[in-house]
Structure formats: structure tokens, C-alpha cells
Amino acid sequence: MDERIEKAIELGLETVENGGEISRAEDTVEMLCRSQGAEKVQVFIIPSLISVTATIDGTEVTSTRRIYKTDLNLGRLEEINNTSRRLCGEKNARGKISYNYHILIQIFGVMLATGSFAVYFGGNFLDAIFSGIAGLAITYIPYGRSSFNIFSRTLIESTIAGIISFIPSIIGINSHPDKIMIGTIMILIPGMSIGTAMKDMMSGNLIAGILQLTEAIVVAFAIALGFAVAIIIFGSEYIA
């Protein structure tokens, strides 16, 4: 396979893996292929598959890759966007930029997001702190998440978060498990996926949009099931 086409496919694949729109990924692959001299470029992408057919130097080539969707990463999407611009030769390209945030910034972001939602929905300062701890636990706990599918991974993380939410009350700390869970659940809800799915469907990518929407519904079910497991284990006596 021509290296020029492989680079385009890799960037399109990473766009989907990091939460980008299917239509944007298809446009990226097509523009990159054409900028490298390819003709008759045909790109087909769904959330789990990317297939590209193009004519290079008079020879038609086809490449198909499996997509393994990972977590949402807006920083990586911006990096991909800059790289594709640079490869296409646009004058306003800024080149490749690394968006690897320092671990302390990542921790602060998780704590701020989960804690803010806990307070917003009626929790106190302690609820915000424990919601942040639960958020950090499901974000950084080393359990080999890459070996699980998205349903299993979400189910594990939501169950862990639910159990952690009850621990302060169990050991006698004046906290509200329901508010802690509400704060933590916000970093698991696939809001970006739902928005992307709707945009893809409105752009005419019905198959990709429907598949992404279905995936989001499955994730939402896993979230509900995971927190339900925690409530069943500890009962509802600690929920105000």
C-alpha cells in the first residue's frame, strides 16, 4: 500500500477513535489522498471500519482497517487537524503540535468537572471532593481497559464509581452518595457521541450516525446498570 494513502487512512482512523465526526474523518482522508496525487478517491467509514479506494499512478488500490474506538480526546483531534492541514499544504497550517497535558492538569480537570457537577446538583463541599476521588479512580485505575469492549469498560467503571460513592457514608462521614454519583456520572455520559451521531445523520451519513447513536444508548445502559449494582449492594438507606 502506498505510504501516502496509509498516512491519510491513519489520520482518518485516529479522528474516529478520538471522538471525531464520521463526515469530518471522510473529508480528511479524501483531501489528504487527493493532495498526494490520488484520483477517484472513495472513502467509506463507519464507527468500526474504514475503507479507502483510490487510483495512484494509474493503479487502483484499496485498504481496509478496523477501528477500535477509544476515549474522547479533543486535544488529539486538534493535533490531527493541524497535521492534515500541513500535509495538504495550507498556508495557515501550524504544523504538528503535541497536546499531551501534564498529569496534574488532567487530575485537576477531572476533579473540577466531577466536583462542580456534584455541587451544581445540590451537593456540599465534601460531596464534591469524594466525587472527584471517584472520578480519578475510574479514570486512572489500572485494570487493562483496552482489553474490554466499550460496554464492559463502562459497566466496570460505573460500578466502581457507585461503590466509592457509598464509602464515605458507610464510614460515618456526612455526605450524600446520590450527589457524589451524579457528579461522577457526568464524565461517563456519552454526550459528545450523541451530538456527533446526530450531526452525522444530518450530514447524510445515516449508517454511521445510527451506529454511533446505538453505541451511545448501550453505554448509557451500562452506566445505569453499574450504578444500580452499587445501590443494590448497599441498599438505598444512605441516599437522602
Side-chain angles (χ1 to χ4, degrees), residues 8-30 42-52 63-81 84 99 106 109-110 113-114 117 134-135 137-162 181-231:
I9 293 175
E10 187 64 29
L11 290 177
L13 184 148
E14 289 192 43
T15 298
V16 179
E17 284 183 337
N18 289 283
E21 305 161 19
I22 297 295
S23 55
R24 176 62 62 86
E26 290 180 340
D27 289 342
T28 296
V29 175
E30 182 174 356
Q42 299 291 328
V43 183
F44 178 72
I45 301 177
I46 58 176
S48 60
L49 183 73
I50 176 171
S51 178
V52 180
S63 180
T64 302
R65 300 278 293 278
R66 179 74 165 83
I67 298 176
Y68 297 95
K69 195 169 183 179
T70 55
D71 294 330
L72 174 67
N73 189 335
L74 297 180
R76 179 55 184 155
L77 289 177
E78 178 67 14
E79 182 179 347
I80 293 169
N81 188 43
S84 63
Y99 285 87
Q106 297 179 39
V110 173
T114 52
F117 277 117
I138 63 177
T139 302
Y140 296 106
I141 186 170
Y143 68 93
R145 55 172 48 85
S146 60
S147 60
F148 291 90
N149 59 46
I150 190 168
F151 177 84
S152 301
R153 186 168 66 245
T154 304
L155 178 61
I156 292 172
E157 293 174 356
S158 58
T159 302
I160 292 173
M181 286 190 287
I182 289 174
T184 308
I185 200 175
M186 288 301 174
I187 64 174
L188 294 173
I189 291 177
M192 187 74 176
S193 296
I194 295 174
T196 300
M198 297 303 295
K199 190 169 184 178
D200 280 329
M201 285 191 286
M202 288 187 288
S203 299
N205 294 296
L206 295 178
I207 295 177
I210 291 172
L211 289 175
Q212 289 190 91
L213 185 59
T214 302
E215 180 182 281
I217 293 173
V218 170
V219 169
F221 177 70
I223 293 172
L225 185 60
F227 281 99
V229 169
I231 294 175

Going from [atom1] on [X] to [atom2] on [Y], what distance comes out if it is rounded to the nearest 0.5 angstrom?
{"X": "Leu11", "Y": "Glu79", "atom1": "CG", "atom2": "CD", "value": "9.5 Å"}
{"X": "Glu14", "Y": "Ser84", "atom1": "CD", "atom2": "OG", "value": "11.5 Å"}
{"X": "Met181", "Y": "Ile231", "atom1": "CE", "atom2": "CD1", "value": "4.5 Å"}
{"X": "Phe44", "Y": "Leu49", "atom1": "CZ", "atom2": "CG", "value": "7.0 Å"}
{"X": "Thr15", "Y": "Asn81", "atom1": "OG1", "atom2": "CG", "value": "8.5 Å"}
{"X": "Ile156", "Y": "Ile141", "atom1": "CD1", "atom2": "CD1", "value": "9.5 Å"}

Would you mind writing out the side-chain donor-acceptor pairs for residues 213-224 within the sub-3.5 Å range, not counting sequence neighbours?
from	atom 1	to	atom 2	distance (Å)
Thr214	OG1	Ile210	O	2.8

Identify every side-chain donor-acceptor pair in residues 187-202 under 3.5 Å, counting partners at least two apart or on other chains, and give the distances.
from	atom 1	to	atom 2	distance (Å)
Thr196	OG1	Met192	O	2.9
Lys199	NZ	Glu21	OE2	3.2
Asp200	OD1	Ile22	N	3.3
Asp200	OD1	Ser23	N	3.2
Asp200	OD1	Ser23	OG	3.4
Asp200	OD2	Ile22	N	3.2
Asp200	OD2	Gln212	NE2	2.6

Inset, instruction - State which residues pass side-chain hydrogen bond (donor to acceptor under 3.5 Å, both in side chains) with Asp27; sequence neighbours excluded, sorted by chain then number. - result: none
To check you understand the geometry: which heavy-atom pair defines the closest contact between [X] and [Y], and what is its length?
{"X": "Thr64", "Y": "Ser51", "value": "OG1-OG, 3.5 Å"}
{"X": "Thr184", "Y": "Ala161", "value": "CG2-CB, 3.5 Å"}
{"X": "Val110", "Y": "Thr114", "value": "O-OG1, 2.8 Å"}
{"X": "Gly135", "Y": "Thr139", "value": "O-OG1, 2.6 Å"}
{"X": "Ile150", "Y": "Thr154", "value": "O-OG1, 2.8 Å"}
{"X": "Phe117", "Y": "Gly183", "value": "CB-CA, 3.9 Å"}

Inset, instruction - Would you confirm whether Arg65, through its side chain, and Ile50, through its main-chain N or O, come within 3.5 Å as a donor-acceptor pair? - result: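 Not at all, since once roles are kept as given, no pair shorter than 3.5 Å links the two residues.
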